[in-house]
Novice: 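My structure is below; once you've seen it, I'll send some questions.
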Protein chains: 2
Amino acid sequence: MKWDALEEEPCSLARTIGVIGDRWSLLILRECFLRTRRFEGFQSALGITRHLLAERLKKLVRQGVLRRIPYQESPKRHEYILTQKGLDLYPVMMALVHWGDTHMVDERGRPLLHEHRKCGKMFDPVMVCSECGEPLLAKEVHTHPGPGARPASAKLPAGKPAKAKTPKHAT
Amino acid sequence: MKWDALEEEPCSLARTIGVIGDRWSLLILRECFLRTRRFEGFQSALGITRHLLAERLKKLVRQGVLRRIPYQESPKRHEYILTQKGLDLYPVMMALVHWGDTHMVDERGRPLLHEHRKCGKMFDPVMVCSECGEPLLAKEVHTHPGPGARPASAKLPAGKPAKAKTPKHAT
DNA sequence: AATTGACAGTTCGTTTTTAGAACTGTATGG
DNA sequence: CCATACAGTTCTAAAAACGAACTGTCAATT
């Protein structure tokens with residue numbers, strides 16, 4: 001499978017993975033949420049090779065996740081800042097962080113705590129149903145093919161186990 | 001940076017990425033939530049090379065995300081099923097799917113819709129504060145170093161931009 | 001005037017990962 | 001006896017990532 005093909009798949013998860021589903025992109029995005037904006041900032045914070053960093057930034061810009069904005073002329077310099085599309089990845093980041101907080105902490109405990117300004121309390125992120133507000137459990141969610149579905153397309157929960165005979169990934 | 005080092009970093013996001021932050025693992029997990037359990041099922045659904053699939057499954061089992069359970073003797077055969085730790089990745093998956101639904105759909109619309117059994121409606125997942133129930137915005141979240149923090153450790157929002165001088169990634 | 005340093009990349013040779021295809025081995029069905 | 005299902009393993013070629021050095025512009029020093 002070529003990775004570019006992921007974006008064509010009739011599966012929103014696959015498409016998202018095609019954009020941000022590699023380790024460096026996710027780490028770069030973490031830095032973005034941490035207010036890092038410049039090439040050197042990303043490079044020194046992550047230890048990524050400059051070559052890869054340049055490539056990943058280009059891709060994220062191309063995908064509309066980051067915007068490249070000049071912050072000085074003379075030697076033209078740019079900053080990379082999150083677009084709304086990028087900011088919308090916040091729930092993804094929080095979900096990843098929370099899972100790590102729950103399952104990957106060492107004896108010392110969480111590396112950091114989150115405070116919700118609105119209520120002033122330390123909190124955990126919880127994923128709920130937009131309609132009734134109840135926390136979501138995989139078992140309580142049923143999926144239906146949407147308008148963009150294709151016959152053998154992938155869904156999140158439920159759906160046949162793709163019983164063997166499929167010659168390749170469903171298209 | 002060696003990828004194994006990610007799990008040691010004082011950052012829950014990095015640790016999570018160390019476990020599930022590569023494309024194939026995420027796709028394998030998608031299949032798990034789709035009720036795929038067997039080697040051939042994963043292979044034919046994803047088109048992943050058998051070699052890599054074996055490796056990724058091994059890693060996910062080692063990490064406690066999947067459990068390898070015998071379902072027949074004679075030729076010993078096993079199924080891979082999600083542990084609780086694995087099931088807890090549901091919010092991550094939903095967050096990824098929802099981002100794709102929002103930003104990566106084509107003209108035809110979403111590949112699939114989600115129905116919440118509890119309320120019977122089609123829904124979107126929303127990430128809220130566990131304390132007050134309000135939707136989370138990056139701007140409204142402030143982070144504090146937790147017990148497992150280290151001086152130059154990474155946080156999610158807020159925190160200095162890791163101002164240049166850092167020789168490598170913070171450890 | 002020449003040097004150094006910050007910044008944002010690019011280039012290039014080496015190492016590591018992945019892809020792709022074939023092969024191993026047990027067992028059932030015909 | 002042969003084909004097929006299943007779950008891997010092995011091997012080589014191709015692709016991606018690493019590491020280190022290099023390019024180029026400009027400001028501030030020496």
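Proteins get letters first, then strands, A, B, ... in listed order; numbering begins at 1 in each. Quantities reported herein were computed from a predicted structural model and do not represent experimental measurements.
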Novice: Roughly, in whole Å, what's the span from NE2 in A:H78 to P in D:dC26?
Specialist: 13 Å

Novice: Separation of A:I48 atom CD1 from D:dA20 atom P, in whole Å?
Specialist: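 Nearest whole value for this atom pair: 15 Å.
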
Novice: State which of D:dA7, D:dC26, C:dA8 makes the closest approach to the side chain of B:R77.
Specialist: D:dA7

Novice: Please list each protein N or O that sits under 3.5 Å from an N or O in nucleotides 10-15 of chain C, with the distance.
Specialist:
none

Novice: Picking from C:dA8, C:dG9, D:dA17, which would you name as closest to the side chain of A:L52?
Specialist: D:dA17

Novice: Counting the atoms with a prime plus P, OP1 and OP2 as sugar-phosphate, which does A:S74 contact under 4.0 Å by heavy atoms, base, sugar-phosphate, or nothing?
Specialist: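 If one applies the 4.0 Å heavy-atom cut-off, A:S74 turns out to touch the sugar-phosphate alone, with no base involved.
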
Novice: Using the six-membered ring of B:F42, assess whether NZ or CZ of B:R56 lies under 6.0 Å from its centre and within 45 degrees of the ring axis.
Specialist: no

Novice: Has A:R37 got its NZ or CZ under 6.0 Å from the middle of the six-membered ring of A:Y71, at an angle within 45 degrees of the ring axis?
Specialist: no

Novice: Reckon A:F42 touches a base, only the sugar-phosphate, or nothing at all at heavy-atom distances under 4.0 Å?
Specialist: nothing

Novice: Atom CZ of A:R56 to atom C1' of C:dG9: distance rounded to whole Å?
Specialist: 16 Å

Novice: When you check the phosphate oxygens OP1 and OP2 of D:dC18, does a side-chain N or O of A:W24 lie under 4.0 Å from one of them?
Specialist: yes

Novice: Indicate yes or no: does A:K59 engage A:D22 in a salt bridge with an N to O separation below 4.0 Å.
Specialist: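 Judged by the 4.0 Å cut-off on N to carboxylate O distance, A:K59 and A:D22 do not form a salt bridge.
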
Novice: Answer yes if A:W99 and B:V126 sit in the same cluster of Ile, Leu, Val, Met, Phe, Trp and Tyr residues linked by side chain heavy atoms under 4.5 Å apart, and no otherwise.
Specialist: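 Unlinked, A:W99 and B:V126 end up in two clusters.
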
Novice: Starting at the 5' end of DNA chain C, which residue's closest nucleotide do you reach first, A:L57 or A:R23?
Specialist: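 That would be A:L57.
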
Novice: Closest approach to the side chain of A:Y71, judged atom by atom: which nucleotide of C:dA8, D:dT25, D:dC18 is it?
Specialist: C:dA8

